[in-house]
Amino acid sequence: MRNKDVAAALSEIGILLEVEGKDKFKPKSYERAARSVENLGEDIEAIAARGELTSVPGIGEAIAKKIESFLSTGHIEALDSLRERIPVKVAELDAIPGMGPKTIKLLYDELGVTDIESLETALKEGRLKGLKGIGPKTETEIANGIGLARSGIGRSFLPDALATAEQVMAHMHTVGHVRRIEVAGSVRRRKETVGDLDFLVETDDEGAAVNAFVGLEGVADVLAKGATKTSVRLRSGLQMDMRVIPAESFGAGLQYFTGSIDHNVHLRTIALKKGLELNEYGLFKGKKQVEGDSEEGIYRALGLDYIPPELREDSGEIDAALTHTLPKLISLSDIRGDLHGHTNESDGTNTTEEMVEAAAVKKYDYYCISDHTKSLKIAHGLDEKRLLNRIQEIDELNSSGRWRMRILKGVEVDILSNGELDMSDNVLAQLDVVTASVHSRMKDSKDAITERVCTALSNRNVHIFGHPTGRLILERPEYEIDLDRVFEAAKSSRVAMELNSHPHRLDLNPGNLRRAVKAGLKIAINTDAHSVLELENMKFGIFQACRGWIEPRNVLNTLPLKDLLAAIRK
DNA sequence: GCCGTTTTCGGCCCGACTGTTTTCAGTCG
């Protein structure tokens with residue numbers, strides 16, 4: 001059972017209640033709970049098993065009971081009876097831009113529309129005409145919305161979104177009469193994937209800024225164009241919003257549009273309790289603006305330490321800011337080396353020397369070459385003989401004196417299905433850093449994978465557990481694994497958890513990073529680079545580490561070489 | 001339905017834009 005399924009069920013209850021229209025606030029509770037579950041770092045089943053569901057923000061007694069029922073039976077009675085009363089695929093219809101609960105209800109009551117198919121038929125037959133509140137433009141909007149929903153345009157990976165944002169900002173600077181432009185939203189929070197881009201602009205010529213924005217290369221559609229807010233959709237499907245904000249409100253605007261929504265709601269509640277009011281134009285006492293030009297000022301005025309965007313998920317950061325216990329987050333400059341990288345000896349594209357040279361340019365103190373092992377045939381993995389040759393080769397490179405940086409001898413050894421390692425112990429013992437990873441039989445049972453991993457980590461030659469959950473974002477879910485047991489085993493054998501920095505992996509996720517550190521484990525932030533270019537992915541690992549509240553002292557590869565080697569020695 | 005430095009009841013973020021309206025409801029973020 002996946003968190004996504006639980007979130008979808010809660011969200012459906014929320015939308016159905018909204019369509020029903022009896023209560024204004026109940027639907028919001030379900031939607032809040034659904035968001036909370038969706039963004040949970042941990043498997044909801046594990047939390048339920050501990051009886052701690054109500055400790056999740058937005059989940060109280062009633063919703064906890066419903067989740068438990070869903071986990072054990074696959075059903076929620078309240079959802080079943082709602083579906084009976086309103087037999088409409090509300091999630092499907094709600095996903096159409098421009099369609100909300102009121103429109104769904106109207107179309108169901110008047111035309112019997114229950115899903116995208118019947119909506120399309122009703123449109124084609126012209127049956128929407130004459131309905132109260134639906135004119136020709138709304139009809140067109142719904143028709144276009146169906147196309148968008150069908151095209152399945154979803155979320156973009158952070159690196160792609162960031163690259164687009166950089167291009168937009170550069171262009172706006174040259175033609176948009178822009179004094180200042182920032183990207184806010186989930187991009188600024190460095191989420192793994194983002195659904196749209198939010199820009200904040202300070203300008204001396206609003207008209208010029210708006211025209212520059214709607215005239216950007218690749219704009220397919222202008223969704224809204226007002227005095228301060230403009231929305232466009234690119235041909236790629238990505239939606240971009242721009243808000244024009246005056247200088248005295250820029251910090252408030254940045255804070256507001258960075259979100260997350262739950263962080264903001266929490267912040268506004270604190271403001272209200274202090275007799276203040278917070279909106280995108282500032283922090284107000286009555287009509288008087290108390291703060292607004294800087295984010296720092298707003299947090300300070302609310303009695304909070306400054307909260308970095310990566311932490312703004314309403315997952316404890318506001319309490320920590322109140323009590324001055326926020327983490328001192330890691331940054332890219334804390335990283336002294338990279339402990340996981342491939343070469344063309346296995347499935348990488350560059351030679352060992354090319355990878356080493358590129359790592360040296362980064363002024364690392366050390367770089368670890370860790371190719372795959374023999375059972376990963378598709379990656380041309382190394383057997384004992386080839387690995388021994390590599391050891392000798394790296395010794396020679398180190399003694400050549402060509403680099404000040406130390407090249408570490410490593411391997412990414414496969415964890416076989418019985419928990420044994422795909423390389424003999426006496427060869428592993430000759431290496432500096434051994435990362436053990438799962439690359440096969442990912443659909444085995446939770447018990448099988450957990451047992452297999454715990455066995456592997458008990459091998460005294462293993463230093464790091466690579467990409468611990470095996471997920472590929474937007475592509476492949478995590479394999480089922482009991483991380484609590486794995487963390488326990490890793491703690492007793494002094495094995496670190498990898499934070500794999502590849503933007504499609506980012507494994508461990510933020511919630512699991514926090515739990516790993518809480519369990520007393522060290523984190524190794526590695527690129528797993530398969531090419532020189534991928535060494536740049538370290539920054540995405542750092543973003544993710546920040547989202548996981550990681551401090552430099554939690555991380556293995558912030559240590560100088562000597563300390564690193566001492567730390568992993570067993 | 002959730003939640004608590006106005007705590008177990010009574011609130012619940014709030015502003016911008018659009019379309020179909022003659023003053024506002026619905027959607028969105």
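Within every chain, numbering begins at 1; the chains are lettered A, B, ... in the order of the sequence lines, protein sequences first and strands thereafter.
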Rounded to the nearest 0.5 Å, what's the gap from CG on A:D314 to CD1 on A:I318? Could you check?
-> 5.0 Å
Enumerate the residue pairs fulfilling ring pair (Phe, Tyr, Trp, His ring centres under 6.0 Å) with a member in residues 201-231 of chain A, sequence neighbours excluded, ordered by first and then second residue.
-> none
For A:K24, which contact category applies under a 4.0 Å heavy-atom criterion: base, sugar-phosphate, or nothing?
-> nothing
How far does the P atom of B:dG1 sit from the matching atom of B:dT5, given to the nearest Å?
-> 23 Å
Taking the six-membered ring for Trp and the single ring otherwise, decide whether the centroids of A:H504 and A:F157 are under 6.0 Å apart.
-> yes
On DNA chain B, check which nucleotide each of A:Y281 and A:D241 is closest to and give me the residue with the more 5' one.
-> A:Y281
Partner residues of A:H502 under the side-chain hydrogen bond (donor to acceptor under 3.5 Å, both in side chains) criterion, sequence neighbours left out | none
Touch check for A:L267, heavy atoms < 4.0 angstrom, all strands: base, sugar-phosphate only, or nothing?
-> nothing
Gap in Å between the two P atoms, one belonging to B:dT6 and one to B:dC2, rounded | 23 Å
Hey, could you give me the CD1/CD distance between A:I86 and A:E12, rounded to the nearest 0.5 Å?
-> 10.5 Å
Using a 4.0 Å heavy-atom cut-off across all strands, classify A:R32 as base, sugar-phosphate, or nothing.
-> nothing
Reckon A:T269 touches a base, only the sugar-phosphate, or nothing at all at heavy-atom distances under 4.0 Å?
-> nothing
Would you list the pairs meeting salt bridge (charged side-chain N to carboxylate O under 4.0 Å, His left out) in which at least one residue belongs to residues 301-312 of chain A, sequence neighbours left out?
-> A:E295-A:R312
Provide the distance between the two C1' atoms, one in B:dC17 and one in B:dT23, to the nearest whole Å.
-> 16 Å
Quick one: which residue pairs count as a side chain to side chain donor-acceptor pair (under 3.5 Å) with a foot in residues 273-290 of chain A, not counting sequence neighbours?
-> A:R243-A:E280
Hey, does A:E139 reach any base, or is it just sugar-phosphate, or nothing, if we go heavy atoms under 4.0 Å?
-> nothing
Roughly how far apart, to the nearest Å, are B:dT8 and B:dG19 at atom C1'?
-> 44 Å
Checking all strands, does A:Y256 fall into the base, sugar-phosphate, or nothing category for heavy-atom contacts under 4.0 angstrom?
-> base
Take atom P in B:dT27 and the same atom in B:dT20, then report the distance between them in whole Å.
-> 13 Å
Could you tell me which residues satisfy side-chain hydrogen bond (donor to acceptor under 3.5 Å, both in side chains) with A:S55, sequence neighbours excluded, listed by chain and number?
-> none
Touch class at under 4.0 angstrom, heavy-atom based, for A:E141 against every strand present | nothing
Counted 5' to 3', the first and last nucleotides of DNA chain B within 4.0 Å (strictly under) of a heavy-atom of chain A are B:dG1 to B:dG29
A:N279 near the nucleic acid: base, sugar-phosphate alone, or nothing, with a heavy-atom cut-off under 4.0 Å?
-> sugar-phosphate
Which residues share a side-chain hydrogen bond (donor to acceptor under 3.5 Å, both in side chains) with A:K137, sequence neighbours left out = none
Go through the steps for A:N537 and A:T527 under the test side chain to side chain donor-acceptor pair (under 3.5 Å), then give the verdict.
-> CA-CA 6 Å; A:N537 286 340; A:T527 62; over 6 Å; no
Taking the P atom of each, how far is B:dC13 from B:dG4, in whole Å?
-> 13 Å
Just checking A:A227: base, sugar-phosphate only, or nothing, at a heavy-atom cut-off of under 4.0 Å?
-> sugar-phosphate
Expressed as a whole number of Å, how far does the C1' atom of B:dT7 sit from that of B:dC12?
-> 15 Å
Dot-bracket encoding of pairs in DNA chain B, which uses [ ] for pseudoknotted crossings and | for another strand, Watson-Crick or G-U under 3.5 angstrom = ((((....)))).((((((....))))))
Under the salt bridge (charged side-chain N to carboxylate O under 4.0 Å, His left out) test, which residues partner A:E182, sequence neighbours left out?
-> A:R180
How is A:P101 classified with respect to the nucleic acid when contacts are heavy atoms under 4.0 Å: base, sugar-phosphate, or nothing?
-> sugar-phosphate
Residue whose nearest DNA chain B nucleotide is more 5′ - A:L278 or A:K273 = A:K273
Applying side-chain contact (heavy atoms from CB on, under 4.5 Å) to A:R485 and not counting sequence neighbours gives A:D447, A:T450, A:E451, A:D482
Considering residues at least two apart in sequence or located in another chain, which fulfil the side-chain contact (heavy atoms from CB on, under 4.5 Å) criterion with A:A545?
-> A:I330, A:L499, A:I525, A:I550
Would you mind classifying the nucleic acid contact of A:K26 as base, sugar-phosphate or nothing, using non-hydrogen atoms under 4.0 angstrom?
-> base
Which part of the nucleic acid, if any, lies within contact of A:K65, taking any heavy atom under 4.0 Å across all strands shown: a base, the sugar-phosphate backbone alone, or nothing?
-> nothing
Can you sort out which residues in residues 294-324 of chain A have a heavy atom within less than 4.0 Å of DNA chain B? Ascending by number, please.
-> none
